[in-house]
> 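Sharing a structure here in structure tokens format.
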Amino acid sequence: MVGLDGPDDAAVWRLSEDRGIVVTTDFFTPVVDGAYDYGSIAAANSLSDVYAMGGTPFMALNIAALPDQLPPEISSEILRGGAEKAREAGVVIAGGHTVKDKEPKYGLVVIGFIDPRTMLTKGGLREGDVLVLTKPLGMGVTTTALKQEKVEEADIQEAIGWMKRLNKTAGQLAMEFNLRAGTDITGFSLLGHGMEMAEASGLLLNIDYAQIPFIGGARKYAEKGLFPGGAFDNRMHFGSQVNFDKKIDEPAEMLLFDPQTSGGLLLGVPREKLDAFKRRASELGQPVWVVGSVHNGSAAISVRV
Ligand code: CO
Ligand code: CO
């Protein structure tokens, strides 16, 4: 049902009318110093694509590439971080494969179940939906500040807290409210993944800059220009389809192109459901931010500064 044409967050194969299988994989090099945190973030990130489709993950396999000289206690901490995050998600890690490599890489292959009639896709937006984001932005600049040894401890801890957080509750909310449109915000940034939704849905997204949540250090590191290379690639690739209503300063603009690791879901919520959605989110302890709305028009993003 979902595969290579019009790529989405995960592949979906229909098994029957009301049941499908959803499969995805993701792995990356360390984004933080702690081995346990790294494993936990990589697993939360891999699981996220299943939640972004409205699926329920149930089984996973480890994919690891580890240097020969890496002390065994470090490797086992990476895998323990992943295993405990999977357990929190209700997912069994049933095996996996490890190869040798100079630079460590870790992630999961994740399999889940999905109801094909109610799955979330990037193309499911409708005119009049509001856009809801479930984690703040700023992971790319903050982890780059860490790599360049310019980060403050409280800022990286805040980023780690968000990156380790599962998108499970956000996905559950999407299912409870029968939503149709969603994706997770990862390497292509808010505007890049937003553009994927705009294009797949054939609609215009209005984003309200003042409503976008950022983690504490984001603006500070943005002002120092500590963006990962991917942020510039994102602006080059998606920038021409994004219109700002006023001149915006460079750090503020770049923050919208900042690649996220294990970012939140971006969901389309029908306006009439929004109040109930926000109430239920707060009952479940799931933060949500309304960052924009969906309109008829050509596929593009318009940012109100
Ligand atoms: Co995704
Ligand atoms: Co992915």
Side-chain angles (χ1 to χ4, degrees), residues 26-34 37-38 41-42 44-45 48 103-105 107 131 133-165 183-198 205 207-266 289 291-292 300-305:
D26 236 319
F27 57 99
F28 48 62
T29 56
V31 286
V32 294
D33 291 334
D37 285 341
Y38 165 47
I41 291 165
N45 178 72
S48 174
E103 198 177 6
K105 293 167 193 80
L131 294 167
L133 184 64
T134 68
K135 288 187 192 182
L137 306 178
M139 313 306 168
V141 271
T142 306
T143 54
T144 304
L146 170 70
K147 281 194 186 109
Q148 300 194 7
E149 297 175 0
K150 289 173 182 158
V151 84
E152 282 170 39
E153 189 55 26
D155 297 331
I156 191 64
Q157 286 310 326
E158 186 185 1
I160 289 171
W162 284 109
M163 291 188 289
K164 283 166 82 166
R165 188 186 172 102
T183 194
D184 56 343
I185 303 302
T186 52
F188 291 160
S189 75
L190 175 68
L191 293 184
H193 290 289
M195 250 335 284
E196 290 180 329
M197 293 187 84
L205 311 191
I207 303 273
D208 193 349
Y209 199 100
Q211 304 307 318
I212 298 174
F214 294 102
I215 54 173
R219 173 78 203 187
K220 176 174 57 188
Y221 303 124
E223 281 170 6
K224 293 180 180 155
L226 297 174
F227 287 98
F232 300 95
D233 296 344
N234 286 338
R235 184 166 67 174
M236 195 148 69
H237 193 76
F238 298 105
S240 65
Q241 291 146 294
V242 178
N243 166 63
F244 291 85
D245 73 342
K246 285 201 273 300
K247 185 93 184 95
I248 183 171
D249 67 46
E250 169 90 4
E253 179 182 345
M254 285 300 292
L255 278 172
L256 301 188
F257 291 106
D258 185 43
Q260 305 299 292
T261 298
S262 189
L265 299 190
L266 181 64
W289 290 270
V291 298
I301 296 183
S302 180
V303 181
R304 198 173 69 159
V305 178

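Owing to the predicted nature of the structure, the values given are computational and were not obtained by experimental measurement.
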> Could you work out, with side chain to side chain donor-acceptor pair (under 3.5 Å) as the rule, every residue matching Gln241, not counting sequence neighbours?
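Partners of Gln241 by the side chain to side chain donor-acceptor pair (under 3.5 Å) criterion, ordered by chain and then number, come out as Glu199.
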> Check Gly107 against Ala42 and note the closest heavy-atom contact, atom names and distance.
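Closest approach of Gly107 to Ala42, heavy atoms only: CA-CB, 4.3 Å.
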> Can you see which heavy atom on Pro259 is nearest to which on Gly230, and at what distance?
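The answer is CG-C, 3.8 Å.
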> Are any side-chain N or O atoms of Gln260 and backbone N or O atoms of Gly138, one a donor and one an acceptor, separated by less than 3.5 Å?
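Looks like yes, one N/O pair under 3.5 Å.
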> Kindly write out the residues that satisfy side chain to side chain donor-acceptor pair (under 3.5 Å) with Arg219, not counting sequence neighbours, or none if the list is empty.
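Applying side chain to side chain donor-acceptor pair (under 3.5 Å) to Arg219 gives Glu223, Asp249.
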> Quick check: does any side chain N or O of Lys135 sit under 3.5 Å from a backbone N or O of Ser262, one acting as donor and the other as acceptor?
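Side chain of Lys135 to backbone of Ser262: a pair is present.
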> Kindly give the heavy-atom pair with the smallest separation between Tyr221 and Glu152, and that separation in Å.
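Smallest interatomic distance, heavy atoms only, reads OH-N, 2.9 Å.
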> CD1/Ile215 to CH2/Trp162 distance, rounded to the nearest 0.5 angstrom?
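Rounded to the nearest 0.5 Å, the CD1-CH2 separation comes to 9.5 Å.
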> My understanding is that only residues two or more places apart in sequence, or in another chain, count here; which of them pass side chain to side chain donor-acceptor pair (under 3.5 Å) with Tyr38?
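Result, side chain to side chain donor-acceptor pair (under 3.5 Å) vs Tyr38: none returned.
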> Kindly determine whether Leu266 and Leu131 satisfy side-chain contact (heavy atoms from CB on, under 4.5 Å), including the steps that lead there.
CA-CA 7 Å; Leu266 181 64; Leu131 294 167; 4.2 Å; yes
> Suppose the criterion is salt bridge (Lys or Arg N to Asp or Glu O under 4.0 Å): which pairs have a residue in residues 251-266, not counting sequence neighbours?
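Output for this query lists Arg235-Glu253.
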> Would you compute the distance between atom CG of Leu133 and atom CD of Gln211 and round it to the nearest 0.5 angstrom?
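Leu133 CG to Gln211 CD: 12.0 Å, rounded to 0.5 Å.
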> For Glu153, enumerate each residue passing the side chain to side chain donor-acceptor pair (under 3.5 Å) test, keeping only those at least two apart in sequence or located in another chain.
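Glu153: side chain to side chain donor-acceptor pair (under 3.5 Å) contacts with Gln157.
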> Once you round to the nearest 0.5 Å, how far does OG1 of Thr144 lie from CE of Met139?
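The OG1 atom of Thr144 sits 12.5 Å away from the CE atom of Met139.
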> Quick check on Tyr209: does its OH atom have over 12 non-hydrogen neighbours (other residues, nucleotides or ligands) under 6.0 Å away?
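Above 12, so yes.
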> Kindly give the heavy-atom pair with the smallest separation between Lys105 and Phe27, and that separation in Å.
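Smallest interatomic distance, heavy atoms only, reads CB-CD1, 4.0 Å.
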> May I ask you to test the Met236-Phe257 pair for a side-chain heavy-atom distance under 4.5 Å?
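No. Closest side-chain heavy atoms not under 4.5 Å.
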> Calculate, to the nearest 0.5 Å, the distance between atoms CG and OG1 belonging to Leu265 and Thr134 respectively.
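So the gap between those two atoms works out to 4.5 Å.
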> As a test of understanding, state which of Val242, Asn243, Asp245 forms a side-chain contact (heavy atoms from CB on, under 4.5 Å) with Ser302.
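For Ser302, the side-chain contact (heavy atoms from CB on, under 4.5 Å) test succeeds with only one of Val242, Asn243, Asp245, which is Asn243.
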> For residues Glu158 and Thr142, determine if any side-chain heavy atom of one lies less than 4.5 Å from a side-chain heavy atom of the other.
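With C-beta onward as the side chain, the pair stays apart.
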> Go through Met163 and Asn45 one step at a time and tell me if the side-chain contact (heavy atoms from CB on, under 4.5 Å) criterion holds.
CA-CA 8 Å; Met163 291 188 289; Asn45 178 72; over 6 Å; no
> Side chains of Leu137 and Ser189, heavy atoms from C-beta outward: is any pair under 4.5 Å?
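No, side chains not in contact.
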> Answer yes or no: is there a side-chain heavy-atom contact under 4.5 Å between Phe227 and Asn234?
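Phe227 does not reach Asn234 side chain to side chain.
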> Mind checking the OG1-NE2 spacing from Thr183 to His193? Nearest 0.5 Å is all I need.
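Between Thr183 OG1 and His193 NE2, I get 6.0 Å after rounding to 0.5 Å.
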> Hey, what do you get for CG (Leu256) to CD1 (Ile207), rounding to the nearest 0.5 Å?
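Reported to 0.5 Å precision, the distance equals 8.0 Å.
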> Would you please name every residue forming a ring-ring contact (aromatic ring centres under 6.0 Å, His included) with Phe238, sequence neighbours left out?
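For Phe238 the ring-ring contact (aromatic ring centres under 6.0 Å, His included) partners, ignoring immediate neighbours, are Phe188.
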